[in-house]
Amino acid sequence: MIIKYLSFLIGIVWSYSIIKTQSVFSKKAGLIFKVLISKVSWLTFIAACYFGYKNFSIQYTIIGIVVGIILVHIGFNLLKKFLAAKFSEKNLLLAKSVLEYSLFALVIYYIFF
């Protein structure tokens with residue numbers, strides 16, 4: 001029972017963290033991310049919620065969803081503070097641009113090859 005609940009929590013945290021990652025990218029990259037990755041993550045999130053509903057009580061399911069969402073928000077805030085303290089704003093913008101162009105390149109590569 002504990003392993004099932006832990007797998008439920010991991011599914012919630014995993015899918016919601018990918019959904020939350022969408023807000024990091026610019027509008028153009030966010031659009032590609034939204035169309036290709038975020039839709040699958042929403043389906044995974046809904047499937048994890050359904051898995052929790054079918055295997056546990058509604059109370060445990062809601063607690064798991066809330067705890068998962070809170071963990072993702074806390075993790076993103078801690079990561080944001082860590083990156084701001086460790087790197088300059090210029091380096092962060094450069095890394096963000098590299099990630100966005102890499103996303104474009106991966107999508108183009110995936111489509112054509």
Side-chain angles (χ1 to χ4, degrees):
M1 184 73 156
I2 293 174
I3 293 174
K4 274 187 175 183
Y5 197 73
L6 285 176
S7 65
F8 163 67
L9 288 177
I10 289 170
I12 292 290
V13 169
W14 177 265
S15 59
Y16 189 71
S17 64
I18 293 175
I19 292 167
K20 180 84 169 122
T21 303
Q22 174 189 341
S23 66
V24 174
F25 292 104
S26 68
K27 295 226 183 231
K28 289 184 277 184
L31 179 66
I32 290 174
F33 193 84
K34 186 176 185 177
V35 169
L36 298 176
I37 299 169
S38 184
K39 297 292 184 192
V40 174
S41 298
W42 274 109
L43 292 174
T44 307
F45 184 77
I46 292 168
C49 292
Y50 182 74
F51 173 80
Y53 175 72
K54 282 297 188 186
N55 290 305
F56 314 111
S57 69
I58 190 74
Q59 181 182 7
Y60 285 132
T61 302
I62 292 173
I63 289 171
I65 293 169
V66 169
V67 166
I69 290 172
I70 288 172
L71 283 175
V72 169
H73 281 278
I74 289 172
F76 269 77
N77 284 336
L78 290 176
L79 183 63
K80 179 181 174 182
K81 288 179 184 178
F82 172 75
L83 290 175
K86 193 80 169 166
F87 301 104
S88 68
E89 186 72 27
K90 182 180 175 184
N91 288 342
L92 288 175
L93 287 176
L94 179 65
K96 182 180 174 185
S97 297
V98 168
L99 285 173
E100 289 176 353
Y101 287 121
S102 298
L103 179 66
F104 284 129
L106 285 173
V107 167
I108 289 171
Y109 177 80
Y110 181 73
I111 290 172
F112 291 114
F113 301 107

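We're numbering straight along the sequence, starting at 1. Just so it is clear, the values below take in all heavy atoms, side chains as well, and ignore hydrogens, waters and symmetry mates.
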Exercise for the section: Can you see which heavy atom on V13 is nearest to which on G68, and at what distance? Expected result: CG2-CA, 3.7 Å
Exercise for the section: Give the cluster check for V72 versus L79: same hydrophobic cluster or not, with ILVMFWY residues linked at side-chain heavy-atom distances below 4.5 Å. Expected result: no
Problem - Interatomic spacing from NZ in K80 to CG in L78 - rounded to 0.5 Å - result: 12.0 Å
Handout entry: Flag side-chain contact, heavy atom, 4.5 Å: N55 against F8
Key = no
Completion exercise
Shortest non-hydrogen pair, K4 vs F56, comes out as C-CZ, 3.6 Å
Exercise for the section: Considering non-hydrogen atoms only, spot the tightest contact between I19 and S41 and give its length. Expected result: CG1-CB, 3.6 Å
Problem - Rounded distance (nearest 0.5 Å) linking atom SG of C49 with atom NZ of K54 - result: 14.0 Å
Handout entry: Non-hydrogen atoms of S15 and G11 that approach each other most closely
Key = OG-O, 2.9 Å
Practice task
Return yes if some donor-acceptor pair links the side-chain N/O of T61 with the main-chain N/O of G52 below 3.5 Å, else return no.
Solution key: yes
Handout entry: Student check: side-chain heavy atoms of I18 and W42 closer than 4.5 Å
Key = no
Fill in the blank from the handout: With I69 as partner, the option from L71, V67, I65 fulfilling side chain to side chain contact (heavy atoms under 4.5 Å, CB included) is I65
Exercise for the section: Work out which heavy atom in A48 is nearest to a heavy atom in I12; give both atom names and the distance. Expected result: CB-CD1, 3.7 Å
Problem - hydrophobic_cluster_shared for I70 and W14, side chain cutoff 4.5 Å - result: no
Exercise for the section: Check the hydrophobic clustering (I, L, V, M, F, W, Y; side-chain heavy atoms under 4.5 Å; chains of links allowed) and say if I58 and V66 are grouped together. Expected result: yes
Exercise for the section: Treat each ILVMFWY residue as a node, draw an edge where side-chain heavy atoms are under 4.5 Å apart, and state whether L83 and V98 are in one component. Expected result: no
Exercise for the section: Indicate yes or no for a side-chain donor-acceptor contact from Y60 to the backbone of Y5 under 3.5 Å, with no hydrogens or angles considered. Expected result: no
Fill in the blank from the handout: Output for pair (L94 CG, S88 OG), nearest 0.5 Å, gives 9.0 Å
